[in-house]
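A quick write-up on the structure given underneath.
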2 protein chains.
Amino acid sequence: MFSKSTEYALRATIYIAQKSSENCKLGIKAISDATDSPPHFTAKILQVLTRNNKIISSVRGPNGGFYMTEEAKSLPVRSVLDVMEEDSVLERCVLGLNKCSEAKPCPMHSQYKLIKQQLITLFETKTIMDLASDIRDGEAFINND
Amino acid sequence: MFSKSTEYALRATIYIAQKSSENCKLGIKAISDATDSPPHFTAKILQVLTRNNKIISSVRGPNGGFYMTEEAKSLPVRSVLDVMEEDSVLERCVLGLNKCSEAKPCPMHSQYKLIKQQLITLFETKTIMDLASDIRDGEAFINND
DNA sequence: ATAATTAAAGATATTTTTATCTTTAATTAT
DNA sequence: ATAATTAAAGATAAAAATATCTTTAATTAT
């Protein structure tokens with residue numbers, strides 16, 4: 001469904017939301033280990049998510065690292081997709097037709113739009129915090145050591 | 001949602017289902033034009049869909065081209081995804097976690113699986129013919145000249 | 001002030017996907 | 001038989017996605 005970049009972005013964001021706070025920051029190594037993601041690539045992705053502190057915040061230097069504010073944690077999951085420029089997955093025609101629209105629907109349009117709408121609703125109503133706090137012992141997420 | 005290869009595959013298949021028959025075959029040019037797809041790349045994709053005549057059939061030489069049998073037209077749309085090896089999109093974890101499962105769900109698992117199930121049902125119950133015969137004048141599909 | 005720590009930024013490499021081009025093989029019509 | 005037509009197969013190219021490495025800049029603790 002999503003690119004690896006976006007999968008890593010979602011996983012890192014959920015992990016940071018779960019484990020960090022303004023006075024408890026996480027290093028790139030801890031994040032990439034916990035989310036089973038390549039560290040350097042994850043670092044690149046976090047650079048994007050950190051732009052303007054919209055979703056993730058960071059500080060450099062000793063005791064620095066990545067963290068999220070409570071305000072950011074309450075953002076919808078969709079905001080991660082938006083920053084990763086992959087929100088188009090939620091909007092595009094299944095058959096990839098640019099001209100597909102309500103007026104000129106492709107043959108999958110009417111059925112697919114019902115499903116797409118549920119995806120949009122899911123990503124827009126669930127907050128990052130919702131997901132982070134859903135994590136229980138034994139869940140696939142995360143490498144809890 | 002799907003790769004371009006799969007989008008082209010779906011579009012070509014639907015078009016061939018709609019326009020061809022055992023005694024009316026379509027050339028690669030006609031297909032790629034109608035479906036807004038790059039001709040050479042589409043040819044490569046049709047080679048795959050034609051293997052073993054599972055979905056699409058072809059004959060070479062004058063008056064040759066691509067066509068589908070009525071039997072093939074009644075296959076579920078999912079069979080195209082299977083041949084394109086993109087059925088995994090319908091099965092994978094949204095967050096890309098291999099270990100995500102019913103027993104060890106990721107934080108999106110329970111909500112996402114409901115949507116995924118609808119996608120699977122859609123692609124398994126709709127036949128290629130269903131889509132082809134859905135096409136009406138003015139629909140985005142196809143370049144009807 | 002200095003050294004240590006950490007993320008940011010930039011450069012490079014690898015892999016995968018997408019796309020095109022050329023040659024070959026099959027079929028048909030003449 | 002021969003030439004024309006068409007898809008199959010193979011080779012190559014270009015672009016995008018994924019991944020890593022190196023250098024720089026900011027921050028903190030000493």
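So that the names make sense, note that chain A is the first sequence line, chain B the second, and so on, each numbered from 1. Everything quoted here is computed from the prediction, not taken from an experiment.
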Query raised in the report: Is a side-chain donor-acceptor pair under 3.5 Å present for B:Glu86 with B:Ser3?
Result: yes
Report task. Under 4.0 Å between any heavy atoms, over every strand shown, what does B:Leu46 touch: base, sugar-phosphate, or nothing? Just pick one. Result -> nothing
Query raised in the report: A:Lys44 near the nucleic acid: base, sugar-phosphate alone, or nothing, with a heavy-atom cut-off under 4.0 Å?
Result: base
Query raised in the report: If you round to the nearest 0.5 Å, how far is NE2 of A:His109 from CG of A:Leu97?
Result: 11.5 Å
Query raised in the report: Between D:dA17 atom C1' and A:Lys4 atom NZ, what is the distance in whole Å?
Result: 10 Å
Query raised in the report: Between D:dT18 and A:Ser5, is there an OP1 or OP2 to side-chain N/O distance shorter than 4.0 Å?
Result: yes
Query - Residue met sooner reading DNA chain C from 5', once A:Ala43 and B:Phe2 are mapped to nucleotides - result: A:Ala43
Query raised in the report: Please walk me through it: do A:Glu71 and A:Lys54 pass salt bridge (charged side-chain N to carboxylate O under 4.0 Å, His left out)?
Result: CA-CA 10 Å; A:Glu71 192 187 0; A:Lys54 277 168 67 175; over 6 Å; no
Query - B:Arg78, B:Lys116, B:Lys113 screened by salt bridge (charged side-chain N to carboxylate O under 4.0 Å, His left out) with B:Glu91, the one that passes - result: B:Arg78
Requested in this report: Report yes if some heavy atom in the side chain of B:Ile128 is under 4.5 Å from a heavy atom in the side chain of B:Met68; otherwise report no.
Outcome: yes
Query raised in the report: Rounded to whole angstrom units, what separation is found between the CD1 atom of A:Ile45 and the P atom of D:dT18?
Result: 8 Å
Report task. Apply salt bridge (charged side-chain N to carboxylate O under 4.0 Å, His left out) to B:Lys73 and B:Glu70, showing your working. Result -> CA-CA 5 Å; B:Lys73 290 180 188 178; B:Glu70 294 308 307; 3.2 Å; yes
Requested in this report: Please list, in 5' to 3' order, the outermost nucleotides of DNA chain C lying under 4.0 Å from any heavy atom of chain B.
Outcome: C:dT18 to C:dA29
Query raised in the report: Can a donor-acceptor pair be found between the side chains of B:Asp82 and B:Ser79 at a distance below 3.5 Å?
Result: no
Query raised in the report: Which ones in residues 77-94 of chain A lie close to DNA chain C, meaning a heavy atom under 4.0 Å from one of its atoms?
Result: none
Query - Paired and unpaired positions of DNA chain C as dot-bracket, Watson-Crick or G-U wobble under 3.5 Å, | denoting a partner strand - result: ||||||||||||||||||||||||||||||
Report task. Please answer: with hydrophobic residues joined when any side-chain heavy atoms are less than 4.5 Å apart, are B:Phe66 and B:Val59 in the same cluster? Result -> no
Query raised in the report: Are OP1 or OP2 of D:dT18 and a side-chain N or O of A:Tyr8 less than 4.0 angstrom apart?
Result: no
Query raised in the report: Closer to the 5' end of DNA chain D via nearest nucleotide, is it A:Ser3 or A:Arg60?
Result: A:Ser3
Report task. May I ask you to check whether A:Phe123 and A:Phe2 place their ring centers less than 6.0 Å from one another? Result -> yes
Query raised in the report: Would you call A:Asp36 and B:Lys99 a salt bridge, taking side-chain N to carboxylate O under 4.0 Å as the test?
Result: yes
Query raised in the report: Tell me, do B:Glu7 and A:Leu95 make a side-chain contact under 4.5 Å, heavy atoms counted?
Result: no
Query raised in the report: When we call it a touch if two heavy atoms are under 4.0 Å apart, what does A:Ile31 touch: a base, just sugar-phosphate, or nothing?
Result: nothing
